[in-house]
There are 2 protein chains.
Amino acid sequence: MTRMDVTPNLRCLSENRAGLSLRERKKLRTRIAIRRATYRLIASEGYEATTVEQIAEAAEVSPSTVFRYFPVKEDIVLTDEYDPVMADILRQRPAGEPILESLRFVIVESLRGMLRDQPEELYARTRLMVEVPSIRARMSETMSTTSQLLAQILAERTGRDPAELELRLFVSTVIGTLREVTIYWGERGFEDDLFSLIDRAMVVLGDLDLRD
Amino acid sequence: MTRMDVTPNLRCLSENRAGLSLRERKKLRTRIAIRRATYRLIASEGYEATTVEQIAEAAEVSPSTVFRYFPVKEDIVLTDEYDPVMADILRQRPAGEPILESLRFVIVESLRGMLRDQPEELYARTRLMVEVPSIRARMSETMSTTSQLLAQILAERTGRDPAELELRLFVSTVIGTLREVTIYWGERGFEDDLFSLIDRAMVVLGDLDLRD
DNA sequence: CTTGATTTTGAGAATTACTTTCATTTGATG
DNA sequence: CATCAAATGAAAGTAATTCTCAAAATCAAG
């Protein structure tokens with residue numbers, strides 16, 4: 001809800017404490033504390049075995065507060081603030097650039113950002129995506145939201161109808177590919193170079209393009 | 001668990017009562033009763049508002065039994081027996097056929113079958129997919145299983161490694177497209193012709209193909 | 001058709017995610 | 001400091017899901 005007013009810094013995300021009121025900073029701290037506690041507990045106990053009560057205790061807040069910040073347990077682990085980042089990157093792409101290329105750029109840049117800022121979180125999240133079906137499922141939902149957002153932006157840029165089937169399919173295919181690549185990467189223990197995998201994926205997408 | 005021994009008839013699925021023991025037939029009847037009761041209740045009360053207890057009562061079984069048949073509430077609504085059907089259709093495709101064409105055929109034929117055998121269920125399910133996020137999420141998971149199954153078959157046919165990234169991406173893209181098209185279809189109140197939508201989707205996928 | 005083995009079912013208790021409500025605390029502000 | 005609005009915690013409630021165990025149904029032999 002309050003996410004809109006924070007212009008996201010492409011560099012460091014959850015550290016963005018500049019110019020926030022005491023209240024806001026406290027909220028941010030709580031949010032981070034909950035997430036940290038969760039990742040810690042999950043790492044030692046596993047996802048299912050970690051109850052919200054434990055998380056609350058570890059983060060030194062009440063269970064109600066946890067639910068206030070993250071309505072669904074899975075959200076704690078997969079809510080990321082990268083949607084607006086991706087949106088920004090996409091908006092900065094030249095209008096004439098082929099759509100596939102724009103999306104590739106967005107994906108690569110976002111991943112690069114995540115790997116730079118919070119690599120551990122990216123690994124942890126990917127691991128969860130591979131291991132916990134409910135998280136994987138929810139992640140797909142998240143990505144489908146991302147997909148809609150990007151489609152919206154591309155619609156503006158190309159003057160298409162954002163609801164147009166073809167555009168939706170195009171974007172969701174690319175995002176779906178990102179999902180698959182990430183899972184593949186995680187399944188094989190992060191041994192491959194993520195960006196090489198993305199390159200291979202792009203080859204498969206080949207000259208997928210929107211025609212008129 | 002017992003699903004493997006039933007060679008699925010391409011014509012009528014849940015009616016396949018031939019040569020089953022009393023026990024098996026009874027189980028099948030229970031399964032169908034639960035599903036029917038669920039769809040009925042959902043139609044009048046909505047998905048979230050329908051509790052498993054109500055379902056159990058309506059189907060005249062105990063809640064435990066419901067959970068024994070469908071471990072997760074969502075399963076009642078989205079478990080379908082079409083995976084083996086799709087697999088069979090795919091296996092019958094000529095080895096030389098382009099993969100995309102094979103998959104298109106599988107999709108079109110399966111949908112045709114569903115529309116013929118249980119159109120109401122297809123509509124109901126699609127409606128749920130559009131309206132209930134948790135179902136949509138789970139449906140994606142289901143489709144990803146389907147996707148793996150089909151990839152496996154295609155791997156055998158083409159002599160590829162079933163775990164190969166490119167193959168996985170290819171199949172999951174096509175299945176993901178089916179998902180999107182179905183949602184699109186449902187969002188617009190089933191006004192479009194489903195098969196025309198699929199044709200349009202195939203145009204977007206264009207000459208997506210696996211190269212070596 | 002009776003008996004004993006096997007399967008399926010139902011009853012009930014326990015866990016846990018999630019919701020809702022309300023009183024209390026805390027930061028923002030004049 | 002006094003006041004208002006937002007944030008928190010406490011507590012009770014709902015519903016999904018799991019587990020356990022005993023009763024009932026089916027099956028396979030004799």
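Per chain, numbering begins at 1; letters A, B, ... match sequence-line order. Just so it is clear, the structure is predicted and the values come from calculations on it, not from any experiment.
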Separation of [X] atom [atom1] from [N] atom [atom2], in whole Å?
X: A:Lys73; N: D:dA16; atom1: NZ; atom2: P; value: 18 Å
X: A:Arg31; N: D:dT8; atom1: CZ; atom2: P; value: 11 Å
X: B:Tyr47; N: D:dA15; atom1: OH; atom2: P; value: 14 Å
X: A:Tyr69; N: D:dG9; atom1: OH; atom2: C1'; value: 13 Å

Is a side-chain donor or acceptor of B:Tyr39 paired with a backbone partner of B:Val77 at a separation under 3.5 angstrom?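 Yes.
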Looking at B:Ser140, is its backbone amide N or carbonyl O close enough to the side chain of B:Ser144 to form a donor-acceptor pair, meaning the two atoms are under 3.5 Å apart?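 A pair under 3.5 Å: no.
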Hydrogens and angles aside, do B:Ser172 and A:Arg179 bring a side-chain donor and acceptor to less than 3.5 Å of each other?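 No - no donor-acceptor pair under 3.5 Å links their side chains.
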Indicate whether the side chain of B:Thr65 and that of B:Ser62 have a donor and an acceptor atom separated by less than 3.5 Å.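 Checked: B:Thr65/B:Ser62 side chains pair up, N/O donor to acceptor below 3.5 Å.
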Quick one: does A:Tyr47's side chain get under 4.5 Å of A:Thr38's, heavy atoms only?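 No. Closest side-chain heavy atoms not under 4.5 Å.
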Any idea which heavy atoms bring B:Ile183 and B:Val130 closest together, and the distance?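 Shortest heavy-atom contact: O-CG2, 3.8 Å.
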Cationic N near anionic O, under 4.0 Å, B:Arg93 to B:Glu109: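 Looking at B:Arg93 and B:Glu109, the cut-off is not met.
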Can you run down the salt bridge (charged side-chain N to carboxylate O under 4.0 Å, His left out) pairs that involve residues 49-70 of chain B, sequence neighbours left out, and say none if there aren't any?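 Those involving residues 49-70 of chain B do not exist here.
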Using the salt bridge (charged side-chain N to carboxylate O under 4.0 Å, His left out) rule, collect all pairs that involve residues 141-156 of chain B, keeping only residues at least two apart or in two chains.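 For residues 141-156 of chain B: A:Arg136-B:Glu141.
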May I have the step-by-step check of ring-ring contact (aromatic ring centres under 6.0 Å, His included) for A:Trp185 and A:Phe195, ending in yes or no? CA-CA 10 Å; A:Trp185 182 53; A:Phe195 297 97; 8.6 Å; no
Can you pull the contact range of chain A along DNA chain C, 5' to 3', using atoms under 4.0 angstrom from its heavy atoms?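 Reading along DNA chain C, I get C:dA17 to C:dA28.
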Tell me, please, which residues at least two apart from B:Asp192 pass side-chain hydrogen bond (donor to acceptor under 3.5 Å, both in side chains).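 Here the qualifying residues are B:Arg188.
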State which of D:dA7, D:dT17, D:dT8 makes the closest approach to the side chain of A:Thr30.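 Output: D:dT8.
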Under 4.0 Å, heavy atoms only, any strand: does B:Thr50 hit a base, just the sugar-phosphate, or nothing?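 Sugar-phosphate contact only - B:Thr50 comes under 4.0 Å of backbone atoms but never of a base.
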Overall bend - the helix from C:dC1-D:dG30 to C:dG30-D:dC1, comparing terminal axes fitted on five pairs, nearest 10 degrees: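 Both end axes considered, the difference amounts to 20°.
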Between B:Phe70 and A:Pro63, which has a closest nucleotide on DNA chain D that is more 5'?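 It is A:Pro63 whose nearest nucleotide is closer to the 5' end.
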Expected string for nucleotides 20-30 of chain D under the B/S/- scheme (protein heavy atoms, under 4.0 Å, primed atoms plus P, OP1, OP2 as sugar-phosphate) is -----BBS---
